[in-house]
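Below you'll find the structure, written out as structure tokens, and then a few comments.
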Amino acid sequence: MNLIILGPPGAGKGTQAQLLERDRGFIQLSTGDMLRAAQGTELGKKAKAIMDRGELVPDDVMVQIIANKLDEIGDRPFILDGFPRTQGQAEALDALLSKKHKQLGHVIQFKINDKILVQRVVGRFTCASCGEGYHDTLKRPKVENVCDRCGATEFTRRSDDNEQAMRARLAAYHTQTAPLIDYYDGRSFLRVVDGSADFETVRAQIASILDGN
Ligand code: AP5
């Protein structure tokens with residue numbers, strides 16, 4: 001079964017996709033991570049300027065990245081985290097999936113109030129080695145400055161995780177991405193979770209959807 005996780009910046013999409021990757025063998029396809037990983041390239045440099053402003057990278061670039069990834073992963077089940085983000089991307093994804101004989105199981109929407117999101121994003125940091133996500137107050141490593149997952153001691157912060165860029169990211173979400181809720185709801189595989197709940201409650205809500213309860 002393949003999934004889309006749909007929700008605003010800071011809703012917890014990446015956190016839960018990482019858990020699903022570990023718990024259930026999905027591959028997390030995060031378009032934001034892919035763009036950040038390309039930072040040494042011409043594409044990565046252009047994308048970084050757009051990302052730092054909190055705007056969206058053009059559809060044709062994003063669709064090509066996802067098309068290549070879907071070829072790379074073969075038949076393994078995947079979670080799309082951060083894609084699609086526009087009507088154009090959603091339509092292109094439909095065409096890609098049909099061409100590659102792949103299907104979507106669920107589109108899981110994270111519902112959450114904007115006020116919580118700014119706090120979550122501005123306090124976020126990530127293990128530079130394995131990518132495990134943390135937060136200054138909501139999720140600190142168990143041992144100070146040591147990653148719980150891999151033991152590394154270097155952490156990074158994203159250049160778009162500041163209040164100004166976050167306001168632009170939220171505006172992009174509401175105008176360009178939120179309309180996809182209706183797009184998928186009309187096709188009846190949209191499921192909603194409460195993204196403002198604590199980590200384990202969100203995890204349990206998703207498990208219940210995947211287990212068909
Ligand atoms: P991207 O990297 O996708 O960022 P985003 O959508 O803004 O989402 P985030 O990664 O900020 O949040 P998240 O929902 O994954 O939350 P997380 O789990 O980390 O995109 C970045 C940029 O790339 C875009 O702005 C755009 O420019 C470009 N881009 C990417 N894809 C694109 C596309 N398809 N088209 C065009 N442009 C594209 O959690 C956040 C924090 O909260 C963490 O600190 C975490 O520990 C904490 N937290 C998580 N869950 C909980 C919980 N339940 N309770 C308490 N704290 C929690």
Side-chain angles (χ1 to χ4, degrees), residues 4-21 28-39 43-44 46-67 69 79-90 92-93 108-114 116-127 131-141 147-149 155-162 164-178 180 193-206:
I4 292 176
I5 299 189
L6 184 64
K13 305 183 297 294
T15 301
Q16 295 298 331
Q18 283 181 352
L19 290 170
L20 286 168
E21 191 169 57
Q28 176 195 13
L29 300 182
S30 158
T31 42
D33 286 350
M34 291 172 206
L35 291 169
R36 282 182 288 278
Q39 259 178 38
L43 162 71
K46 280 188 190 148
K48 184 176 185 309
I50 297 171
M51 293 160 82
D52 283 350
R53 291 196 301 272
E55 296 166 6
L56 296 185
V57 174
D59 283 355
D60 57 337
V61 174
M62 300 315 304
V63 170
Q64 192 55 53
I65 288 177
I66 283 295
K69 269 289 164 199
I79 304 170
L80 289 170
D81 164 10
F83 184 95
R85 261 172 147 105
T86 65
Q87 172 96 12
Q89 291 180 19
L93 177 65
I108 302 180
Q109 180 205 348
F110 280 45
K111 213 170 187 174
I112 183 163
N113 191 302
D114 282 5
I116 306 173
L117 298 173
V118 178
Q119 183 214 5
R120 280 196 186 176
V121 159
V122 172
R124 168 170 53 186
F125 59 100
T126 302
C127 171
E132 182 75 3
Y134 295 96
H135 189 278
D136 289 332
T137 52
L138 302 167
K139 185 188 166 196
R140 297 200 62 84
C147 176
D148 296 348
R149 186 170 165 201
F155 297 87
T156 57
R157 288 183 190 257
R158 278 170 46 177
S159 54
D160 60 345
D161 277 352
N162 58 73
Q164 191 185 359
M166 185 55 180
R167 295 282 167 211
R169 287 159 65 191
L170 283 170
Y173 174 77
H174 288 297
T175 55
Q176 293 170 271
T177 308
L180 298 185
V193 299
D194 173 10
S196 64
D198 61 65
F199 293 96
E200 284 309 319
T201 306
V202 179
R203 187 182 194 170
Q205 289 176 69
I206 294 173

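Remember, it's 1-based here, ligands and their atoms both numbered in the order they're listed.
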Seminar exercise, completed: For atom 3 (O) of ligand 1, the closest protein heavy atom turns out to be Arg85 NH1, 3.2 Å
Seminar exercise, completed: Heavy-atom proximity to atom 50 (N) of ligand 1 ranks first, among Phe199, Tyr134, Phe83, Phe125, for Phe199
For this session: Give yes or no for whether the N/O distance cutoff of 3.5 Å, strictly under, is met between Val57 and ligand 1.
Result: yes
For this session: Specify the protein heavy atom at minimum distance from atom 27 (O) of ligand 1: its residue, its atom name, and the distance to 0.1 Å.
Result: Glu55 O, 2.5 Å
For this session: Check Thr15 against ligand 1 and report side chain, backbone, both or neither, counting heavy atoms closer than 4.0 Å.
Result: both
Problem set entry | Lys13-ligand 1 polar pair, N/O distance under 3.5 Å | yes
Problem set entry | Proximity to ligand 1 by part of Ala17, non-hydrogen separation under 4.0 Å | neither
Exercise. So, is Ile50 polar-close to ligand 1, with some N/O to N/O distance under 3.5 Å?
Worked result: no
Exercise. Which protein non-hydrogen atom lies closest to atom 35 (N) of ligand 1, naming both residue and atom, and how far is it?
Worked result: Gln89 NE2, 2.9 Å
For this session: Please write down residue, atom name and distance for the protein heavy atom closest to atom 12 (O) of ligand 1.
Result: Gly10 N, 2.8 Å
Exercise. Is a side-chain N or O of Gln16 found less than 3.5 angstrom from the main chain of Phe199, in a donor-acceptor match?
Worked result: yes
Problem set entry | Selected option - heavy-atom contact closest to atom 29 (N) of ligand 1, from Leu35, Val202, Asp52, Asp33 | Leu35
Exercise. For atom 53 (N) of ligand 1, which protein heavy atom lies nearest, and how many Å away is it?
Worked result: Ala197 O, 2.9 Å
Exercise. Short N/O distance, under 3.5 Å, between Ser30 and ligand 1?
Worked result: no
Seminar exercise, completed: ligand 1 to Gly14, heavy atom cutoff 4.0 Å, flagged ligand atoms 13 (P), 15 (O), 18 (O)
Exercise. Which residue supplies the protein heavy atom nearest to atom 42 (O) of ligand 1, what is that atom called, and how far is it?
Worked result: Arg120 CD, 3.3 Å
Exercise. With only distance considered, is Gly12 within less than 3.5 Å of ligand 1 through an N or O on each side?
Worked result: yes
Seminar exercise, completed: for atom 4 (O) of ligand 1, nearest protein heavy atom and its distance come out as Arg158 NH2, 3.2 Å
Problem set entry | Nitrogen or oxygen of Arg124 less than 3.5 angstrom from that of ligand 1 | yes
Seminar exercise, completed: In terms of its nearest heavy atom to atom 25 (O) of ligand 1, the top option of Met166, Lys139, Arg169 is Arg169
Exercise. Can you find a non-hydrogen atom of Arg36 under 4.0 Å from ligand 1?
Worked result: yes
Problem set entry | Contact (N/O only, under 3.5 Å) between Met62 and ligand 1 | no
